[in-house]
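The structure appears below as structure tokens.
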Amino acid sequence: MIDIKFIRENPDLVRASQKGRGEDPIIVDQVLAADTARRDAIVEFEALRAQQNLLSKSVGAAKGNERLALLEEGKVLSAQVKAADARRSEAEKRMHQFALLLSNVLDPEAPIGGEADFLLLEHVGTPRDFVAEGFEPKDHVELGKLLGAIDTERGAKVSGARFFYLTGVGALLEFALVNYAISSAVKAGLIPVIPPVLVNPPAMEGTGFLGQAAEDIYRLEKDDCYLVGTSEVPLAAFHMDEILDAEKLPLRYAGYSTCFRREAGAYGKDTRGIIRVHQFDKVEMFTFCRPENAGVEHQRILQWEKDFLNAMEIPFRVIDVASGDLGASAARKFDCEAWIPTQGTYREVTSTSNCTEFQARRLNIRMRDGKNTSHVATLNGTAVAVPRMIVAILENHQNADGTVNVPKALQPFLSMTRFELV
RNA sequence: GGUGGCGUGUCUGAGCGGCCAAAAGAGCACGCCUCGAAAGCGUGUGUUGGGGAAACUCAACCGUGGGUUCAAAUCCCACCGCCACCGCCA
């Protein structure tokens, strides 16, 4: 949610931001109109209420006929107050609903445009030249079978399309990736967290996923709760309705959880393998910090993501995601894309977003700084999304015979240097 | 799932129809005292929203949502959460 005062004072900026995202700028005017109506309703209600309070006080002191007259007057006033209160809460609800439709204001640095208009920031590492090495690289599905690591057929049999089993070294590889990610995070001072993956509506809405992203979320109607698509949700909501001590900021967490995604609208996209699946595990980094430090924190998280990919010895590039491709909560987002040899292209493996105060305002998370309270900024970033990292590792580190070399950083966690054929 | 108890400010905890934003204590901040500290004394110390240039002022908030009443932290109903015991399961 955007600060209503900010919208009042900078309507053009917010309109421009909406346009940049390819979203409707008219919402800004609807919010402003609803805000004016809301304030009028408040004034009306409060004047009546003050009058009623005054009258009610005089009733206690009054006696006899005077008292009876006051009671009559009170009844009339009471009805008026009730009506005005109903109008007020209706106006507030309306204004709130409109405000929820607005996405976060774009960072002025964020490139404007659609998915293809990202800004390429850097390339790290060089893709292997399989032609020079004299063999055709196998894709992760084939490698996964040869190594006894990935079983998508049984995943489909038991759960449906886009489900999979990790078996043998595949399962071990997940544990190694998670252990490496968590131990790196702890070394960097993050607090490791295993959050709930089933959350209630306020947590989901506050994090900003019930807008355009709602279609992609599993909902358990019977119990009125949602399966999270990322541990960003329970981590953000961890401090919901709290006032944090500004001295203790930044607060940094690393959450390990399963993620559930319906992948609605992704029909026909990445149907092979485990690039796009309904259920996977991920280690997510999350920061609560002072708004003025959010930009620096964003760079810090990006650096941790790069460190991870470098440790996995994977060639990758970093992009500054374009405005039209940002989530509703993000003011700016950087993606790290790993080189996938059999696709001949870079694919997103990690991503970090600066949500400024947008989520904190929805989730009511503030900091106390001396006498003042104000909203904190929130940021999130992927430490490791397991399936995509497995794809990148298998494909980039494969040998001609289908065996796969284990990156040095993972060897201590796996007690092996190579994945052998089964 | 059943029964009983409880949900009040940063915390503990009183209040159980109007005089209650809410006692008291703790904590915190400032001041006095002191060479300095502790103790002691004094003062202050919630959030949100409206109006106002400001001083300030008005309103709302005692788990959440309804209701009764001129008036609700206080009475009634529903829901949520916590605790205890029982049952069930691991």
Side-chain angles (χ1 to χ4, degrees), chain A residues 1-9 31-100 102 194-206 210 219-226 234 237-249 251 288 290-291 357-376:
Chain A
M1 188 147 43
I2 309 172
D3 185 7
I4 184 63
K5 279 185 197 127
F6 183 88
I7 303 174
R8 285 204 285 258
E9 286 158 22
V31 169
L32 288 174
D35 177 48
T36 306
R38 163 182 152 268
R39 286 196 285 170
D40 290 346
I42 287 174
V43 169
E44 192 197 355
F45 162 74
E46 288 189 352
L48 282 166
R49 186 69 169 141
Q51 207 182 324
Q52 188 192 32
N53 284 344
L54 228 56
L55 184 90
S56 287
K57 272 191 186 130
S58 64
V59 168
K63 297 253 184 327
N65 283 343
E66 193 190 343
R67 185 185 168 97
L68 287 175
L70 285 174
L71 285 181
E72 271 314 302
E73 202 183 324
K75 262 182 197 159
V76 175
L77 205 47
S78 175
Q80 288 176 337
V81 166
K82 202 169 171 182
D85 191 27
R87 283 195 295 276
R88 180 192 57 88
S89 74
E90 189 52 44
E92 286 185 338
K93 208 193 288 173
R94 197 175 147 75
M95 136 96 188
H96 187 70
Q97 276 164 355
F98 277 121
L100 283 180
L102 285 176
I194 297 175
V197 292
L198 227 39
V199 301
N200 57 27
M204 193 53 95
E205 176 170 301
L210 287 189
R219 168 146 189 246
L220 304 187
E221 199 157 345
K222 204 169 175 184
D223 300 286
D224 197 20
C225 62
Y226 300 92
F238 188 58
H239 287 301
M240 179 161 58
D241 294 323
E242 292 180 26
I243 300 178
L244 308 172
D245 183 353
E247 299 290 313
K248 300 225 165 75
L249 298 176
L251 283 170
F288 299 87
R290 307 176 78 106
E357 296 107 293
F358 186 85
Q359 280 179 337
R361 198 168 277 115
R362 288 174 166 229
L363 290 165
N364 191 27
I365 303 172
R366 290 166 293 169
M367 60 175 184
R368 192 187 310 283
D369 189 10
K371 264 205 79 71
N372 300 316
T373 58
S374 56
H375 291 96
V376 299

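Below, chains carry the letters A, B, ... as their sequence lines are ordered, and counting in each starts from 1.
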Whole angstroms only, please: what is the [atom1]-[atom2] distance between [X] and [N]?
X        : N     : atom1 : atom2 : answer
A:Leu54  : B:U57 : CG    : P     : 15 Å
A:Arg49  : B:A71 : CZ    : C1'   : 8 Å
A:Arg361 : B:G49 : CZ    : P     : 10 Å
A:Lys75  : B:U68 : NZ    : P     : 12 Å
A:Arg39  : B:U48 : CZ    : P     : 18 Å
A:Lys82  : B:U69 : NZ    : C1'   : 11 Å
A:Lys248 : B:C28 : NZ    : P     : 13 Å

Upstream residue (5' side of RNA chain B) when A:Ser78 and A:Ala47 are each assigned their closest nucleotide: A:Ala47
Result for 5'-nearest mapping on RNA chain B, choosing between A:Ser374 and A:Gly74, is A:Ser374
With a non-hydrogen cut-off below 4.0 angstrom, is [X] in contact with a base, only sugar-phosphate, or nothing?
X       : result
A:Arg38 : sugar-phosphate
A:Glu73 : nothing
A:Leu70 : nothing

Greater than 12 external heavy atoms within 6.0 Å of A:Leu71's CG: yes
Under 6.0 Å from the CZ atom of A:Arg219, do we count more than 12 heavy atoms belonging to anything else shown? yes
On a whole-Å scale, what distance lies between the [atom1] atoms belonging to [N] and [M]?
N     : M     : atom1 : value
B:G5  : B:G63 : C1'   : 16 Å
B:U68 : B:C76 : C1'   : 7 Å
B:A37 : B:A29 : P     : 14 Å
B:G65 : B:C16 : P     : 24 Å
B:C89 : B:G25 : C1'   : 45 Å

Could you tell me whether A:Arg38 and A:Asp35 have a side-chain N and a carboxylate O separated by less than 4.0 Å? yes
Apply the side-chain contact (heavy atoms from CB on, under 4.5 Å) test between A:His239 and each candidate in A:Ile365, A:Leu363, A:Val376; give the one that qualifies. A:Ile365
Side chain of A:Phe45 - closest among B:C70, B:A59, B:U48: B:A59
Any idea which of B:A60, B:A71, B:G50 is nearest the A:Asn53 side chain? B:A60
Under 4.0 Å between a side-chain N/O of A:Asn200 and OP1 or OP2 of B:C80, yes or no? no
Pair A:Gln359, A:Arg362: side-chain N/O donor-acceptor within cut-off below 3.5 Å: no
Should the side chain of A:Glu46 and the base of B:G49 be counted as holding a donor-acceptor pair, with the cut-off at 3.5 Å? yes
